[in-house]
Amino acid sequence: MSHAPHGPRALDAEGLAALVDALVAAGYRVLGPAVKGGAIVYDEVASGKELPRGFTEDQDAGRYRLGRRDDEAFFGFAVGPTSWKRFLHPPDLLRFRASREGHGFAVEPADGAPTSLALLGVRPCDLAAIARQDRVLLGGPYADPAYAARRTEAFVVAVQCTEPGGTCFCASMGTGPRAESGFDLALTEGPASAFVVEVGSSRGAELLGRVPNRPAAADEVAAARAATDAARGKMGRTLETAGLKEALQAAAESPRWEAVAGRCLSCANCTLACPTCFCTTVEDTTDVTGGRAERWRRWDSCFSLDFSYIHGGSVRRTPSSRYRQWLTHKLASWHDQFGEPGCVGCGRCITWCPAGIDLTEEARAVARGPVPAKAARKE
Amino acid sequence: MPRREKPKLAVFKLASCDGCQLSLLDCEDELLAVAGEVEIASFLEASRAVVKGPYDLVLVEGSITTPHDAERIHQVRRAARFLVTIGACATAGGIQALRNSKDVHEFARYVYPSPQYLETLNKSTPIVDHVFVDFELRGCPVSKRQLLEVLSAFLAGRKPVVPTYSVCVECKRRGTPCVMVARGTPCLGPVTQAGCGAICPAYERGCYGCFGPMESPNTASLARTLGDHGVDAPGLVRAFRSFNAGADPFRRESEIHEQT
Ligand code: SF4
Ligand code: SF4
Ligand code: SF4
């Protein structure tokens, strides 16, 4: 990434609130942290005053507990149940309506251009996840216009990680805890909510110029970097990725798939919580009169039977085949398709699995398990 | 495209509470549109006027609990071109299938002063155990949105969009943080079929399983998870033994915990 147009700046708590208000004033729909349903989710933020302070959480496999900190930090937590794909790649999207007219029909396009989004508090793993989805949804010859309409103009305020959560393993996946690019502004929260701000784009610089800020002192910048460097050693999980793709692809018959299927609920939570999973289904419906029809696109999951239904039945009938599809796509065949893994190490699938299945543990077990001799060979 | 003749719709009720039929009346705004598209030939909940069969579409609410109904359902089937069962009673035996694991005659003695006049079967069974069913719509009660979808699909001659995956999918689409993970609240959502829109978790309750087993329910794993959240064996029996007690995966899981 090229160098930021400005040196690092500093912002205090009021400055952060002013930044949110400046985004709102600029016409953005600002999305950021909110406390809802016993968790820190991402939701609409109407003004800078609304930002929650002093929250944290405790995460482990199948377990999340909201908690209070003994300070008033704005970003003293890791990632929660929401991922940014909720806004960039919405769970339910009307594609068009059609109505009968004489012997034919007329198609009305769905909602016009969506309001520009500003994403506040994007963690480095999630920046990487957005980049993964960019590649999938915009990269090929058939770009997804709905994603493009939301993504292209989105203003990104990243927050560097200093306190990883119990299921985080971005350091293993090379996606965090510090992001060097992919943002308009990136904040590192220091003691007493003093932020060091890195500027990643000219519009980031321009927006920052509208709120009270000052140049960051050299020791502040050094402390911010030291905090993210230290975070590297505080990951709740790790995953050895060297040789993992090959080992997983050679382990199609591993007995571990059956073992994990004994625990897996096929509930699909992992895939829907995952910030890189992009699969959707299309539902066509008509109304009672048969005069109107709608086409909806909805999030789908490789854990549903319909997902692999082709005429005559589902290809992946067994839960073990569905779990294998999920894990090997994330960690192995995604490489073949897109030249990188489909997992960014955010840990959501681990935390939000009701059965507490840990992707890092399963990948390890499958990879080291008994595999045919030819598979043990590394490239 | 005007249809030549409106299809005839009939609604029949067996052992049930009427709640599912009420969902049809509850369609309010859409009810007039429905009445415009079908001839409501028999729907005692709505009107005493009855038009004789055969019918193009028959909705059946309720389970089979008496010898009389076990006969009657065959007549209904003969009169129906397309038969759709609606609700947990018709698709799984309903809450009254609680009798299936007990002695119904003992219940009758407690409830009725002269139980010798009762004619009742030992088990409450779903319609599909008796006659061929074209489509089963789950729920206790059914969702009016899904009921309208089934009617619309029937009228258009297409397959209804009624997914069979878990309630969790609806939680996630809706953006509800999982109550089991975030609060330790026991929830049947992972083994329950979607359809309600994940109402209970949205109100910070666990799912009660109103829509019956999802397409590949791993009840054994969920029972272990519920156990981790403090549900004991009698609690597990109760969890799996409610509106869909008679649905095989739930029945089997409840029996396992009864023995422990
Ligand atoms: S696979 Fe799991 S850890 Fe990896 S990006 Fe998806 S949710 Fe996060
Ligand atoms: S791995 Fe966990 S979250 Fe994913 S389908 Fe299985 S039980 Fe559900
Ligand atoms: S609250 Fe229940 S239905 Fe919703 S995701 Fe959690 S386990 Fe599934």
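Reminder, nothing fancy here: chain letters follow the sequence lines and each chain counts from 1.
Between the side chain of A:R63 and the main chain of B:A182, no donor-acceptor pair closer than 3.5 Å is present. The main-chain N or O of A:A261 is found under 3.5 Å from a side-chain atom of B:N218 such that the two form a donor-acceptor pair. Side-chain N or O atoms of B:E215 include one that pairs as donor or acceptor with a backbone N or O of A:L305 at under 3.5 Å.
Only the backbone of B:R174 comes within contact range of chain A, with at least one heavy atom under 4.5 Å from a heavy atom of that chain. If you measure heavy-atom distances from B:S216 to chain A, the contacts under 4.5 Å come from both the backbone and the side chain. Proximity to chain A (any heavy atom under 4.5 Å) is shown, for B:A220, by neither the backbone nor the side chain. For B:V34, the parts lying near chain A are the backbone and the side chain together; criterion is any non-hydrogen pair under 4.5 Å. For B:L151, no part lies near chain A; criterion is any non-hydrogen pair under 4.5 Å. In this structure, the portion of B:E204 lying under 4.5 Å from any heavy atom of chain A is its side chain and not its backbone. Residue B:P160: no heavy atom, backbone or side chain, is found under 4.5 Å from chain A. Heavy atoms closer than 4.5 Å to chain A are found in both the backbone and the side chain of B:S152.
Of the residues considered (A:R317, A:R298, A:Q59, A:H103), A:R298 shows the highest number of contacts with chain B, using heavy-atom pairs under 4.5 Å. The greatest number of non-hydrogen atom pairs below 4.5 Å with chain B, out of A:D60, A:D287, A:T271, is found for A:D287. Contact count against chain B (heavy-atom pairs under 4.5 Å) is highest for A:S266 among A:G291, A:S301, A:S266, A:G80.
Here the CG atom belonging to A:N269 is positioned 6.5 Å from the OG atom belonging to B:S166, to the nearest 0.5 angstrom. How far CE of B:M214 is from CZ of A:F303: 10.5 Å, rounded to the nearest 0.5 Å. Separation of atoms OG (A:S83) and NZ (B:K172) is listed at 11.0 Å; rounding is to 0.5 Å.
Using a 4.5 Å cut-off between non-hydrogen atoms, the part of residues 349-357 of chain A that approaches chain B consists of A:T351, A:W352, A:C353, A:P354, A:A355. Taking 4.5 Å as the heavy-atom cut-off, the residues of residues 278-286 of chain A that approach chain B are A:E283, A:D284, A:T285, A:T286, ordered by number.
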